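Scroll down for the structure; my scribbles are underneath it.
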Protein chains: 2
Amino acid sequence: MTGVNPETIRYYETQGLMPAPPRSGGGHRLYGQSHVKRLSFIRRCRELGFNLDEIRGLLELVDGGAYTCSEVLDQTRDHIADIRSKIRDLRKMERSLLDMASQCSGKDVPDCPIVEKLWNA
Amino acid sequence: MTGVNPETIRYYETQGLMPAPPRSGGGHRLYGQSHVKRLSFIRRCRELGFNLDEIRGLLELVDGGAYTCSEVLDQTRDHIADIRSKIRDLRKMERSLLDMASQCSGKDVPDCPIVEKLWNA
DNA sequence: TTTAATACCTGTAGCAACTACAGGTTCAAG
DNA sequence: CTTGAACCTGTAGTTGCTACAGGTATTAAA
């Protein structure tokens with residue numbers, strides 16, 4: 001239903017993100033609507049790049065019930081800053097690589113300027 | 001000299017990226033200029049986001065001595081594509097987060113629209 | 001020349017966030 | 001009632017390191 005692997009769900013249980021659900025007589029986990037919602041929440045957070053610790057924090061806010069916009073927005077802003085920093089790093093890599101690639105003929109010749117640059121920078 | 005942790009260098013040795021260097025009588029590793037160069041190469045590749053497998057590939061090309069521009073450029077282009085794909089993913093996250101954040105007052109009030117959206121999307 | 005501080009040595013375990021088994025049990029459909 | 005799938009627990013693997021523990025080597029100063 002959520003597109004999350006069963007093993008991942010059980011992993012979330014060990015990590016305290018998902019509650020231990022009731023079991024059938026034979027020991028199978030019996031999930032209800034609330035589990036589906038919670039797991040979907042976790043999945044959406046993961047898709048937005050939150051790590052499990054951050055998600056745990058968000059869940060604690062929600063579970064506590066007494067969260068405020070300001071708390072949530074602070075976390076969100078921090079996370080946006082993280083993402084931007086990652087983007088900056090990647091763009092820097094991209095620029096360097098494009099720069100090196102532009103010096104390279106790409107032909108069937110030895111002594112590539114890319115290798116040269118990496119080796120002797 | 002290279003800014004790489006000793007433990008990381010030894011790790012690279014176990015992973016076949018760095019050769020086993022000669023040892024002193026007492027068993028200490030004795031590195032020479034060639035090791036410094038190779039390690040610097042690895043470090044620069046890491047900074048450009050290549051993983052150890054890709055670096056192993058590049059080193060094999062270089063060690064073989066018979067590499068061509070076309071081989072190196074192919075690898076580089078693949079890697080640029082990877083980086084761009086990561087950037088796209090991050091920008092998508094950023095957009096979603098900014099969108100959600102813009103709906104949130106950030107004040108000391110309950111019922112945050114960010115949580116609402118994550119919980120009920 | 002001794003000694004003390006530092007840097008090295010090996011081997012193992014830990015981090016994140018899962019994934020992939022092995023070896024066994026339970027469930028649901030036919 | 002059987003059979004095949006999905007579940008169960010527990011452990012080990014993935015990536016790229018980092019952090020010990022417990023011991024040895026080196027080196028600079030006294």
Side-chain angles (χ1 to χ4, degrees), chain A residues 1-32 35-36 38-60 75 78-79 81-83 85-86 89-90 92-93 118, chain B residues 1-32 35-36 38-60 75 78-79 81-83 85-86 89-90 92-93 118:
Chain A
M1 289 178 69
T2 55
V4 179
N5 265 344
E7 279 139 317
T8 303
I9 306 173
R10 294 196 278 268
Y11 172 70
Y12 289 159
E13 194 181 321
T14 70
Q15 300 305 298
L17 298 175
M18 289 295 290
R23 303 285 186 123
S24 73
H28 285 201
R29 286 173 180 79
L30 301 170
Y31 293 112
H35 298 95
V36 176
R38 193 182 183 87
L39 187 53
S40 302
F41 175 88
I42 296 172
R43 212 197 82 158
R44 277 188 287 271
C45 289
R46 290 293 294 135
E47 280 166 1
L48 291 169
F50 286 99
N51 65 32
L52 297 196
D53 233 39
E54 292 165 327
I55 297 173
R56 216 188 321 271
L58 289 170
L59 283 169
E60 272 163 27
Q75 285 234 37
D78 283 355
H79 186 53
D82 282 358
I83 286 177
S85 146
K86 280 186 191 144
D89 290 348
L90 286 167
K92 205 168 140 197
M93 292 178 197
L118 287 170
Chain B
M1 288 179 69
T2 55
V4 179
N5 266 343
E7 278 139 320
T8 304
I9 305 174
R10 294 196 277 269
Y11 173 70
Y12 288 160
E13 193 181 320
T14 70
Q15 300 306 299
L17 298 176
M18 290 292 292
R23 303 285 185 124
S24 72
H28 285 201
R29 286 173 180 79
L30 301 170
Y31 292 112
H35 298 95
V36 177
R38 194 179 182 88
L39 187 53
S40 302
F41 175 88
I42 295 171
R43 212 196 81 156
R44 278 190 287 270
C45 289
R46 289 296 292 137
E47 281 166 1
L48 291 170
F50 287 99
N51 65 31
L52 297 196
D53 234 38
E54 291 165 328
I55 297 174
R56 217 187 323 271
L58 288 170
L59 283 169
E60 272 162 27
Q75 285 234 38
D78 283 355
H79 186 54
D82 282 357
I83 286 176
S85 147
K86 282 187 188 143
D89 290 348
L90 286 167
K92 205 168 140 196
M93 294 179 197
L118 286 170

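In what follows, every chain begins at residue 1, and chains take the letters A, B, ... in the order their sequences are listed. This is a predicted model, so every value here is computed, not measured.
Spacing between atom CD of B/Glu7 and atom P of C/dG14 amounts to 16 Å, rounded to whole angstrom units. Rounded to an integer number of Å, the gap from OH of A/Tyr31 to P of C/dC27 is 15 Å. A/His28 places its NE2 atom 4 Å from the C1' atom of D/dC7, with the value rounded to the nearest Å. Here the C1' atom of nucleotide C/dC21 and the CZ atom of A/Arg10 are 13 Å apart, to the nearest Å. When the P atom of D/dC17 is taken as reference, atom CD of B/Gln15 falls 10 Å away, rounded to whole Å.
Near DNA chain D, defined here as any heavy-atom distance below 4.0 Å, the residues from residues 41-57 of chain B are B/Arg46, B/Asn51, B/Leu52, listed numerically.
Of the options B/Arg38, B/Arg10, B/Arg29, a side chain to side chain contact (heavy atoms under 4.5 Å, CB included) to B/Met18 is made by B/Arg38 and by none of the others.
Evaluation of the side-chain hydrogen bond (donor to acceptor under 3.5 Å, both in side chains) rule for A/Glu7 yields no partner, not counting sequence neighbours.
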Q: Before giving the answer on side chain to side chain contact (heavy atoms under 4.5 Å, CB included), spell out for B/Glu47 and A/Lys92 the whole-Å C-alpha distance, their side-chain angles and the decisive distance to 0.1 Å.
A: CA-CA 10 Å; B/Glu47 281 166 1; A/Lys92 205 168 140 197; over 6 Å; no

Q: I would like to know whether A/Leu39 and A/Val36 meet side chain to side chain contact (heavy atoms under 4.5 Å, CB included); could you show each step before the answer?
A: CA-CA 5 Å; A/Leu39 187 53; A/Val36 176; 5.9 Å; no

Q: Go through the steps for A/Asp89 and A/Lys86 under the test salt bridge (charged side-chain N to carboxylate O under 4.0 Å, His left out), then give the verdict.
A: CA-CA 5 Å; A/Asp89 290 348; A/Lys86 280 186 191 144; over 6 Å; no

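For C/dT26, the OP1/OP2 oxygens have no side-chain nitrogen or oxygen of A/Ser24 closer than 4.0 Å. Proximity of A/Asn5 to the phosphate of C/dC18: no side-chain N or O atom is located under 4.0 Å from OP1 or OP2. For the OP1/OP2 pair of C/dC9 and a distance below 4.0 Å, the side-chain nitrogens and oxygens of B/Arg29 include at least one atom meeting the criterion. The side chain of B/Arg23 contributes an N or O atom lying less than 4.0 Å from OP1 or OP2 of C/dT10. Regarding contacts with the backbone of C/dC18, a side-chain N or O of A/Tyr12 is found under 4.0 angstrom from either OP1 or OP2.
Residue B/Pro21 comes nearest to B/Leu30 through the heavy atom pair CB-O, 3.7 Å, listed as atom of the first residue, atom of the second, then distance. For the pair B/Glu13 and B/Tyr31, the tightest heavy-atom approach, listed with the atom from each and the gap, is OE1-OH, 4.1 Å.
Comparing A/Gly26 and A/Thr8 by the nucleotide of DNA chain C whose heavy atom lies nearest to each, the residue mapping closer to the 5' end is A/Thr8.
Across C/dA17, D/dC7, C/dC8, the shortest atom-to-atom separation from the side chain of A/Tyr11 is found for C/dA17.
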